[in-house]
Amino acid sequence: MGEIVTVGLGDRSYRVQVGTGTLPQIGPLCHAVGLGKRAAVVTNPTVGALYLPTVKASLEAAGFGVLEVEIADGEQYKNSDTLNSIYDRLIEGGVTRDGFIVALGGGVVGDMAGYAAATFLRGIPFVQVPTTLLAQVDSSVGGKTGINHPRGKNLIGAFHQPRLVLVDTETLKTLPEREYLAGLAEVVKYGVALDRTFYELLEANTTPLLRRDQDILRTIIARSCAIKAGIVEQDEREGGLRAVLNYGHTLGHAVETLTGYRQYLHGEAVAIGMARAAQLSVAFGYASEADAARVTALLTALNLPVVLPVFPLAQYLDALLKDKKSRDQGLNFVFNRGIGGYTIATVSDLQDLLARCGLGG
């Protein structure tokens, strides 16, 4: 039982297959999309111990040779040193242009494996097998790949679309509670900024979501992927419309940067960013106090943080100025227009923006 979402990008179109117990299908699915002879499976020790044997067995049964590539677990390792270790392993393992990469893990694995695929031998195919909720609903779809720099998140990267995304909701059963909840933040994002009906579905299903009900998970993951696919099809390289997917991320990335990517998970930082973005949407006249309260209430019901950590105003300003969405004329900021709508506006006075978040001088 499952659902299929198509990301329509012409000859680079691909399927997102969402189901329960689908991991053993990876080999036949890779064969069906015409991938080459050798698969390099990039994963981390935690995910590899749980799911690499299943993925490897399926790939080998389908006739692929398999090279295992293990990287350290954690956002702090999403850097050039880890990237070079992937290149080293691919070179040592003899991966050539007829090979491909399988990203087995969460967003860090997906981003790094995808960037390695985009740049190794000037580009080889890759497949996303996301095992965290955040990766399943967001980072595995759309082709954004990259690594962090000490001065900011995702400053180095490339657009490189996967050939296939395979989502198995059963992998969420082993996901630590904190990581699972962090993934729900990205789900909420789609509802707040893009789909009021979807938002109402989330509000009505907080209890089954918290207990990881498989039926509701298939529904919300497929819907999240479909919403994102619709945006990516219209604006693959973030020339304009795709920026809406950064709702909550501007301040969220600042929080991650200021805390060294260690205090908050990405989804937790995004939740804080969304709560503040909702507040700012009221301040700039795009939403009502009731709308902002509603956003904060849903995030709180899903056990997500909503309070900005305390840092000097100057440090927040510095983090925002280094954000990849920053332009000479200001910062492109995504506001929610009520519930289910959005406005993207250029904010030139960042100190005023932060003051409206309650950050003083």
Side-chain angles (χ1 to χ4, degrees), residues 5 133-134 136-138 141-142 180-210 213 216-232 234-235 238 240-253 255 266-308 325 331-347 353 356-358:
V5 175
L133 181 58
L134 189 150
Q136 289 174 356
V137 301
D138 187 61
V141 177
Y180 173 75
L181 295 174
L184 289 174
E186 294 285 1
V187 177
V188 172
K189 171 189 76 176
Y190 293 115
V192 178
L194 288 159
D195 191 327
R196 184 184 182 93
T197 300
F198 185 49
Y199 189 86
E200 291 168 349
L201 175 70
L202 299 175
E203 284 183 317
N205 285 278
T206 55
T207 298
L209 282 171
L210 289 173
D213 177 86
I216 191 65
L217 281 173
R218 284 193 301 272
T219 298
I220 64 128
I221 292 169
R223 182 58 191 150
S224 296
C225 290
I227 293 171
K228 184 165 187 180
I231 297 293
V232 171
Q234 297 176 71
D235 181 18
E238 204 170 87
L241 175 62
R242 187 166 173 172
V244 66
L245 299 175
N246 290 316
Y247 179 73
H249 286 60
T250 301
L251 285 167
H253 284 169
V255 167
H266 175 66
E268 292 173 333
V270 168
I272 294 170
M274 282 193 289
R276 296 309 95 199
Q279 175 187 340
L280 288 167
S281 297
V282 177
F284 282 83
Y286 298 116
S288 68
E289 291 281 2
D291 295 327
R294 197 172 166 189
V295 172
T296 301
L298 178 56
L299 293 170
T300 302
L302 295 173
N303 298 324
L304 287 162
V306 295
V307 178
L308 275 174
K325 298 177 288 300
L331 181 71
N332 287 340
F333 196 90
V334 185
F335 299 93
N336 58 288
R337 187 175 284 279
I339 299 291
Y342 69 93
T343 291
I344 302 173
T346 300
V347 178
L353 182 82
R356 291 173 188 246
C357 287

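- The closest side-chain heavy-atom distance from V347 to F335 is below 4.5 Å.
- Here the OG1-CZ distance, from T250 to R276, works out to 14.5 Å after rounding to the nearest 0.5 Å.
- Across all non-hydrogen atoms, the minimal contact from L210 to A301 is CD1-O, 3.6 Å.
- Minimum interatomic distance between A222 and V5 (heavy atoms only, all atoms of both residues): O-CG2, 3.6 Å.
- Pairing each heavy atom of A278 with each of Y247, the nearest pair is N-OH, 3.6 Å.
- Taking CZ from R196 and CG from N336, the interatomic distance works out to 11.0 Å, rounded to the nearest 0.5 Å.
- Between F198 and Y190, a ring centre-to-centre spacing not shorter than 6.0 Å is recorded.
- Between the K228 side chain and the V137 main chain, no donor and acceptor come within less than 3.5 Å of each other.
- With hydrogens and angles disregarded, a donor-acceptor distance shorter than 3.5 Å links the side chain of N205 to the backbone of L201.
- The CG atom of L299 sits 10.0 Å away from the CD1 atom of I272 when rounded to the nearest 0.5 Å.
- Judged by distance alone, the side chain of Q279 and the main-chain N or O of R356 form a donor-acceptor pair under 3.5 Å.
- Side chain of K189 to main chain of G248: no donor-acceptor pair is present (N/O by atom type, distance under 3.5 Å, no hydrogens or angles).
- Note that CG of L134 is 12.0 Å distant from CG of L181, once rounded to the nearest 0.5 Å.
- In this structure, R242 contributes its side chain and G142 its backbone to a donor-acceptor pair below 3.5 Å.
- Looking at D213, its side chain never comes within 3.5 Å of a backbone N or O of P208 through a donor-acceptor pair.
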L245 vs L194, side chain to side chain contact (heavy atoms under 4.5 Å, CB included): CA-CA, chis, key distance, verdict: CA-CA 9 Å; L245 299 175; L194 288 159; 4.1 Å; yes
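- For the pair H253 (side chain) and L251 (backbone), a donor-acceptor distance under 3.5 Å is absent.
- When all heavy atoms of L241 and I344 are compared, the pair lying nearest together is O-CD1, 4.3 Å.
- In this structure, S281 OG and Y342 OH are separated by 13.5 Å, a value rounded to the nearest 0.5 Å.
- Counting heavy atoms from C-beta outward, N246 and E238 have side chains that approach closer than 4.5 Å.
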Worked verdict on N303 versus Y180 for side chain to side chain contact (heavy atoms under 4.5 Å, CB included): CA-CA 11 Å; N303 298 324; Y180 173 75; over 6 Å; no
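- Contact annotation: the side chain of I221 approaches that of L133 to within less than 4.5 Å [non-hydrogen atoms, C-beta and beyond].
- Residues A292 and V282 come closest through the heavy atom pair CB-CG2, 3.7 Å.
- Using a 4.5 Å cut-off on side-chain heavy atoms (C-beta onward), I339 and V295 make contact.
- To the nearest 0.5 Å, the span separating CD on Q136 from CD on E186 amounts to 13.0 Å.
- For the pair L302 and V187, the minimum side-chain heavy-atom distance is 4.5 Å or more.
- Smallest separation of non-hydrogen atoms from G267 and A185: O-CB, 3.2 Å.
- Under the 4.5 Å side-chain criterion, counting only non-hydrogen atoms from C-beta, T343 is not in contact with F284.
- Counting heavy atoms from C-beta on, the side chains of L308 and C357 come closer than 4.5 Å.
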